Enquirer: 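Okay, handing you the structure first.
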There are 2 protein chains.
Amino acid sequence: MLVDERRQKILNITENRGYVSLQELVTEIDASESTIRRDLEQLDGSGQIRRTRGGASYIGESLMGFEDRSTQNMEAKRRIAKMTADLIEPGEGVILDGGTTTLEVARHLVNKSLMVVTNSLPIANLLASHSNIELILIGGYVYPKTGVSLGPVAVDALRSINVRRLVMSVGGITEKGLFNSNTLLVETEKQMMNSADEIIVVADHGKFGHSALAHLCPLDRMDLMIVDRDVPESWKSLVREQGVAVLEEE
Amino acid sequence: MLVDERRQKILNITENRGYVSLQELVTEIDASESTIRRDLEQLDGSGQIRRTRGGASYIGESLMGFEDRSTQNMEAKRRIAKMTADLIEPGEGVILDGGTTTLEVARHLVNKSLMVVTNSLPIANLLASHSNIELILIGGYVYPKTGVSLGPVAVDALRSINVRRLVMSVGGITEKGLFNSNTLLVETEKQMMNSADEIIVVADHGKFGHSALAHLCPLDRMDLMIVDRDVPESWKSLVREQGVAVLEEE
DNA sequence: TCAGAAATGATAGATATCAATCAAAATATA
DNA sequence: TATATTTTGATTGATATCTATCATTTCTGA
């Protein structure tokens, strides 16, 4: 059997079953353990399967790298996401910024009829298979860490868009305003804000009191901020003083 | 955290990533190894995940969005993809059109240093996590069936791009030229052709002799066509007569 | 045909995972 | 409140897998 033939066989088996043990492969392909190991090493290296201890598993086209890595305050993020999604009415147009919380928002939107604009690969991925959602993807340079599109291409694409609401996530919030860690991202988000009538910011308690590299906007640029119950009262009143509505849990 | 909540979390993570190691779960859920083991045992016993040595993998159809399990001529497509990928040299810029075959091409490119431009969500997903690849995503209306961006937004974004090679897939090939099933897609692909110096078309034997709704271009617009060994000689010579190079299996 | 390169199979020590067990903590029940 | 039950976390010896190495075989190109 040729090398590529054998690897193709491994690929097929893995794809069909989702997972195979190394021993199964050794038996079925009738090659030595070492050979199969080397095949797995190669196939894993080229991104075709995922090697695991004792075998290999299939790599779907799923969200892969991005999601779930930072489960910080995930509980709070989920509750915030639910509240946010409940605000969105059928038939609306909405921009969803990239982020863990906004991805959770998207999960709650899959059954509504909406026009969604997003620069986030994970969100696009989630929504693309739902035909009730008209999905407009914002392209650009893709930032590998989070899978969002950035830069001039993204900004240009956003210029021709106008929707009712923007749901935005941020890296940090201080009395100076909103922050994110990437200047290109901030440029993109500024254009998002120009393209929407109402600016909604979702922020869990971990965001307050922290700034970041790039300043996005002052607090009063927001229309509505949605937070969890663990955000100190002092922060909420500070934001309210700027004329921004604050929606908190129950 | 409640028991069921924890198990749901394991389920979610497993489903999203296809596979998780036990150690990852211990870290992210912050429970003891024993507890997670017991959870996995339970979830495996009730058929919700498949337990593997060192972790767990997702069970059930890899519904993962777009890809069609019953794709025609998958073997041939894979071999064509391999040949195509071998042509691409490190440092190049390349446009990858959406399609089953081009997705396979992308799999072979993950370890090269490249600039990749694509309008395909599945391809973007695959490549986004590889930092050696500079990924530029073409946005636009997302066609739910296949997860590719189409329309004026996509065309505009492509206008400002110029790369060495375009790898394109087609719906059908006749003596009249290349076809695809969607007019918006064809408009987008026409701009792709303008944005590349060399046009490579990948086509398995199932494509020949079939036209489709929208005419893309005449045969002589191609520079190189890559086919499998089952394409009849008559088609290959027809294409060659138009001054197009044809690369076939060995 | 021959030499060099690549692929293969076997082995062994190091390392990680597993199942089983038990005590402590949390929860439920009387 | 006290007791029984369940859940959890830590430990341990047994077992499986991993990496690295090396001799052998197969493939490749001059």
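Values reported hereafter were calculated over all heavy atoms of this structure, with side chains retained and with hydrogens, waters and symmetry mates removed. These numbers were taken from a predicted model, which means no experiment stands behind them. In the text below, chain A, chain B and the rest are named by the order of the sequence lines, each starting its count at 1.
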Enquirer: Give the rounded distance in Å between these two atoms: CZ of A:Arg6 and P of C:dA6.
Expert: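 After rounding, the gap between these two atoms is 16 Å.
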Enquirer: Under 4.0 Å, counting only non-hydrogen atoms across every strand here, what does A:Ser21 touch: a base, just sugar-phosphate, or nothing?
Expert: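 Touches nothing.
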Enquirer: Going by the side chain to side chain donor-acceptor pair (under 3.5 Å) test, name the single residue among B:Lys77, B:Arg79, B:His205 that passes it with B:Asp228.
Expert: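 Exactly one option meets the side chain to side chain donor-acceptor pair (under 3.5 Å) with B:Asp228, and it is B:His205.
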Enquirer: Among residues at least two apart in sequence or on other chains, which ones pass side chain to side chain contact (heavy atoms under 4.5 Å, CB included) with A:Tyr141?
Expert: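 Once residues adjacent in sequence are excluded, the partners of A:Tyr141 under the side chain to side chain contact (heavy atoms under 4.5 Å, CB included) criterion are B:Glu134, B:Ile136.
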Enquirer: Find the distance B:Leu40:CG to C:dT17:P and express it as a whole number of Å.
Expert: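 Interatomic distance, CG of B:Leu40 to P of C:dT17: 12 Å.
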Enquirer: Could you state the CD-P distance from A:Glu33 to D:dT19, rounded to the nearest angstrom?
Expert: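 It works out to 12 Å between those atoms.
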Enquirer: Considering the terminal five base pairs at each end of the helix from C:dT1-D:dA30 to C:dA30-D:dT1, what angle separates the two local helix axes, rounded to 10°?
Expert: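 Helix axis angle between the two ends: 50°.
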Enquirer: A side-chain contact here means heavy atoms from C-beta on lying under 4.5 Å apart; do B:Val167 and B:Asp97 qualify?
Expert: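 No, too far: nothing below the 4.5 Å cut-off.
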Enquirer: To the nearest Å, give me how far apart CZ (B:Arg38) and P (C:dA26) are.
Expert: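 It works out to 15 Å between those atoms.
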Enquirer: Would you mind reading off the distance between A:Asp39 atom CG and D:dC18 atom P, rounded to a whole angstrom?
Expert: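 Roughly 14 Å, once rounded to whole Å.
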Enquirer: Please state whether the rings of A:Trp235 and A:Phe208 are parallel, tilted or perpendicular, taking 30° and 60° as the class boundaries.
Expert: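 The rings of A:Trp235 and A:Phe208 sit tilted, inter-plane angle from 30° to 60°.
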Enquirer: Taking B:Asp223 for its side chain and B:Ile199 for its backbone only, find out whether a donor-acceptor pair lies under 3.5 Å.
Expert: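 Flag set: sc B:Asp223 to bb B:Ile199 pair under 3.5 Å.
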Enquirer: Return yes if the base of C:dA10 and the side-chain atoms of A:Ser34 contain a donor-acceptor N/O pair under 3.5 Å, otherwise no.
Expert: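 Per atom types, the contact qualifies.
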Enquirer: Can you tell me how far P of D:dT17 sits from CG of B:Leu22, to the nearest Å?
Expert: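 Interatomic distance, CG of B:Leu22 to P of D:dT17: 16 Å.
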Enquirer: Can you tell me if A:Arg51 touches the phosphate of D:dT19, counting only side-chain N or O atoms and a distance under 4.0 Å to OP1 or OP2?
Expert: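 Checking A:Arg51 against D:dT19: at least one side-chain N or O falls below 4.0 Å of OP1 or OP2.
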Enquirer: Is A:Thr35 touching bases, backbone alone, or none of the nucleic acid, heavy atoms closer than 4.0 Å?
Expert: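 It contacts sugar-phosphate atoms only.
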Enquirer: When the distance from CZ of A:Arg53 to C1' of C:dA14 is rounded to whole Å, what number comes out?
Expert: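 Roughly 10 Å, once rounded to whole Å.
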Enquirer: Please report the C-alpha distance between A:Glu24 and A:Ser21 in whole Å, then the side-chain angles of each, then the deciding distance to 0.1 Å, and finally whether the side chain to side chain donor-acceptor pair (under 3.5 Å) criterion is met.
Expert: CA-CA 5 Å; A:Glu24 285 175 308; A:Ser21 73; 3.3 Å; yes
Enquirer: Does a salt bridge link B:Arg50 with B:Asp44, judged by any charged N lying under 4.0 Å from a carboxylate O?
Expert: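 Here B:Arg50 does not pair with B:Asp44 in a salt bridge, since their nearest N and O are not under 4.0 Å apart.
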Enquirer: Starting from P on D:dG9, measure out to CG on B:Leu25 and report it in whole angstrom.
Expert: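 So the CG-P distance, B:Leu25 to D:dG9, works out to 14 Å.
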